[in-house]
Amino acid sequence: MAFDIDMIKEVYANMAERVDKAREVVGKPLTLSEKILYSHLWDGTPSKAFVRGKDYVDFAPDRIACQDATAQMALLQFMQAGKPKVAVPTTVHCDHLIQAKQGAAADLKRANETSSEVFNFLASVSNKYGIGFWEPGAGIIHQVVLENYAFPGGMMIGTDSHTVNAGGLGMVAIGVGGADAVDVMAGMAWELKFPKLIGVKLTGKISGWTAPKDVILKVAEILTVKGGTGAIVEYFGPGAKSLSCTGKGTICNMGAEIGATTSTFGYDESMERYLRATDREDVADAANNVKDYLTADAEVYDNPEQYFDQVIEIDLSTLMPHLNGPFTPDLATEVGTMTDKAKANDWPLAVEWGLIGSCTNSSYEDLSRASSIAQQALDKKLKTKAEFGINPGSEQVRYTADRDGILEVFEKLDAKIFTNACGPCIGQWARYEDPKNAPKNSIVHSFNRNFAKRADGNPNTHAFVASPEMTAAIAIAGRLDFNPITDKLINEDGEEVMLDEPTGWELPPKGFEVKENGYVQPVADGSGVEVVVNPNSERLELLTPFKPIGNDITGAKLLIKAFGKCTTDHISMAGPWLRFRGHLDNISNNCLIGAVNAYNQKTNFVKSQLTGEYAGVPDTQREYKAKGIKTVVVGDHNYGEGSSREHAAMEPRHLGVAAVIVKSFARIHETNLKKQGMLALTFANENDYDLIQEDDTFNFLDLNAFAPEKPLTIELVHADGSKDTIQVNHTYNNAQIEWFNAGSALNLIAAQNA
């Protein structure tokens, strides 16, 4: 039986009336995305049509999911809200703080020792406030959500950018910062700009070496890392129906890499099969009663150009396997065309590791198809040329795969079976003693992101994203340009052999099985549960409310002008810094240390206008803060892409940065900055980025008249006394300006609850 089945049935009970009314007010047939959005309005029954990409809308999500790295700050904030219990079903999943090193048993034991303080805190907060708690080792948040909580037609938010994985089960699932989640936990509306809609029509059917992963790798090539910003990507067509539910999840998961608000598929038979296989017959039966409301109206898919803002068509029958990378998930190369491209770009052709897993590709189907390639290596007397690592997605997947002999196949090839956790995908991989000085090399993985230093901390690691089965084949061959469709390998007997096409199971033939799934139910009344935070802890720190920045920003200094790509990994690194995710002051020591200074092309080396000396970004900023001097950060396009981590907004805020001015923002990061009471601004003229000089002072001339849709004017005072005046735009509405005036959105919530 499903968790929260009464809530799911209530969503379905309201759906027909709300969707029918929405169709009436919009005046045309509806996409699936619109049906879910309009049926989850905070005000209930729709009464007006919203303008895509313009109108801010209040929504009522059905549930919230948090992973352990972001849950710490989210729950520390929720503790300030003054509520006895979360207002909607919420879960916490311990998957980020487990480092991959020796293998599952040893790594989990070490994590439970080194992070016990954090796990105990999360368990006690969850117990106190009515939150479901998934213990370390239970699985990766998004795989666990797909197996237990996701349901067609629902809306959920999660404090992780890959929350979008649940679109594989027909949800509108959106990654947010912790402050957004706190709003909903506290019983308030969740605000989102009504998304634009991108339709992806899939025709044909994948076969051979092509996998669902290749669909999103191709979409990433087409749309690039920012092409989906502000939009929901809705997949449809006969090709979409031919994909498995977990395959759909893979595609939706990596929608985060194109900046999409989320991605989703209409309810179909593969979703019903998955629901029934994961012991949720009750959800499948309830969904079947409203199934016409759980996909787009027929007219939409018949004439998609009339209903979507953009339409892409991909023929799965001709789609080739892809390798995307290095250093960005949208740089696509078809298998079979890698050799010349790699040589031209000096990418190492020898592959040192093949890694299978992560929230993107760790399902039973993924492991079974990859193991079919591994079994061939054993049968055909092939040795793997690269090392092999496997991260199962959940304890249920691991236990079932182990029962069915799948993990044994990998182990016979000397693969390391890591914990059911994120591991290398998020930089929790103890690959090197000294990552910064590690050698240039290539790895292939089935993860979602491949930014520099992402997996192992080594800036010289060239990481390429592929399907699990292609990752397995390349690990066996040991070459980046290996094409299993055409290339032969030499086995131990000196014979030429070829790998056959992968095979596998959509769902386990003998059904899923698990002994201990790792779930802890909260007590009914948590009022007697005490949450203790040691005031001397290095890992956890109770929060102090931010003071308003104020409308008088004059004499502000430039902290850093970031050059090129500046993701949330650059602003607040993961890896070893994950241990400080619950301690704002300590983790602020990584603030912007990965951003490239435009004036010297170095990281963590900026000029102090107080001393004229160069030093680390956090050190320099702390000096400004000590003197009461506000500062400004300047950035390029798509600033803050990547993970949803709100630490990338909270750290500069904590250290005294008043404004971030960029050419364009990634959606989640812009919202996070707003929530923390900062100014998130964009150049009205992109070329004004070039006017910013290293010793500049910023005077905000009209911030006292801060208002929606009204640009702000800034005077730049250069070191030689000359001045430039520039205009900056913003997307603040009246409610968000209240957050700024109050010091943060949370300050406003606390005041209202008081």
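Residue indices begin at 1 and follow the sequence shown.
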Check whether any side-chain N or O of Gln67 sits under 3.5 Å from a backbone N or O of Ala69 as a donor-acceptor pair, and report yes or no. yes

Could you tell me the separation between the OG atom of Ser126 and the CZ atom of Phe121, rounded to the nearest 0.5 Å? 9.0 Å

Among Val118, Asn586, Leu540, Asn590, which one satisfies side chain to side chain contact (heavy atoms under 4.5 Å, CB included) with Phe580? Asn586

Can you confirm whether Arg63 sits close enough to Val86 that some side-chain heavy atom of one is under 4.5 Å from a side-chain heavy atom of the other? no

Short side-chain to backbone donor-acceptor contact, Gln621 and Leu559, under 3.5 Å: no

Looking only at atom types and distance, does a side-chain atom of Glu613 sit under 3.5 Å from a main-chain N or O of Lys607, one as donor and one as acceptor? no

Just verifying a value: how many Å separate Lys193 NZ and Tyr56 OH, rounded to the nearest 0.5 Å? 4.0 Å

Give a yes or no on whether the backbone of Leu716 and the side-chain of Asn699 come within a donor-acceptor separation of less than 3.5 Å. no

Side chains of Glu117 and Arg539: does their closest heavy-atom pair fall under 4.5 Å? yes

Tell me whether the centres of the aromatic rings in His730 and Phe706 are closer together than 6.0 Å. yes

Does any non-hydrogen side-chain atom of Cys422 lie less than 4.5 Å from one of His162? no

Less than 4.5 Å apart, side chain to side chain, heavy atoms only: is that true for Leu610 and Ile629? yes

With a 4.5 Å heavy-atom cut-off, do Ile549 and Phe740 have their side chains touching? yes

Side-chain contact test, heavy atoms from C-beta onward, threshold under 4.5 Å: evaluate it for Met650 versus His654 and give yes or no. no

Between Thr620 and Ser608, is there a donor-acceptor pair closer than 3.5 Å when you use the side chain of the first and the backbone of the second? no

I want to know whether Tyr129 and Phe78 have ring centres closer than 6.0 Å. yes

Which residue pairs satisfy the salt bridge (Lys or Arg N to Asp or Glu O under 4.0 Å) criterion with at least one member in residues 560-572, sequence neighbours excluded? Arg454-Asp569, Lys565-Glu641, Asp569-Arg645

Tell me, yes or no, whether the heavy-atom count around Phe683 atom CZ, taken from other residues, nucleotides or ligands under 6.0 Å, exceeds 12. yes

Just by distance, do the side chain of Tyr599 and the backbone of Val606 share a donor-acceptor pair under 3.5 Å? no

Quick one: does any side-chain atom of Ser124 pair with a main-chain N or O of Asn120 as donor and acceptor, under 3.5 Å? yes

Which residue pairs pass the salt bridge (Lys or Arg N to Asp or Glu O under 4.0 Å) test when at least one of the two sits in residues 653-676, sequence neighbours left out? Asp180-Lys675, Asp183-Lys675, Asp636-Lys663

Who passes side chain to side chain donor-acceptor pair (under 3.5 Å) against Lys101, sequence neighbours left out? none

Which of these passes side chain to side chain contact (heavy atoms under 4.5 Å, CB included) with Ile571: Leu592, Val660, Ile593? Leu592

Is there a donor-acceptor pair under 3.5 Å between the side chain of His445 and the backbone N or O of Phe447? yes

Spell out, as yes or no, whether a donor-acceptor pair under 3.5 Å connects the side chain of Asn729 to the backbone of Thr682. no

Hey, could you give me the CG/CG distance between Asp95 and Asp68, rounded to the nearest 0.5 Å? 5.0 Å

Tell me whether the count of non-hydrogen atoms from other residues, nucleotides or ligands lying under 6.0 Å of CD in Glu530 goes above 12. no

Which residues satisfy the side chain to side chain donor-acceptor pair (under 3.5 Å) test with Glu113, sequence neighbours excluded? Lys109

Side chain to side chain donor-acceptor pair (under 3.5 Å) filter on Arg622, not counting sequence neighbours, yields Asp585, Asn589

Does some side-chain heavy atom of Ile661 sit less than 4.5 Å from a side-chain heavy atom of Val633? no

Below 4.5 Å, heavy atoms only, C-beta onward: do Leu679 and Phe700 meet side chain to side chain? yes

Pairs touching residues 547-558 that satisfy side-chain hydrogen bond (donor to acceptor under 3.5 Å, both in side chains), sequence neighbours left out: Lys557-Thr697

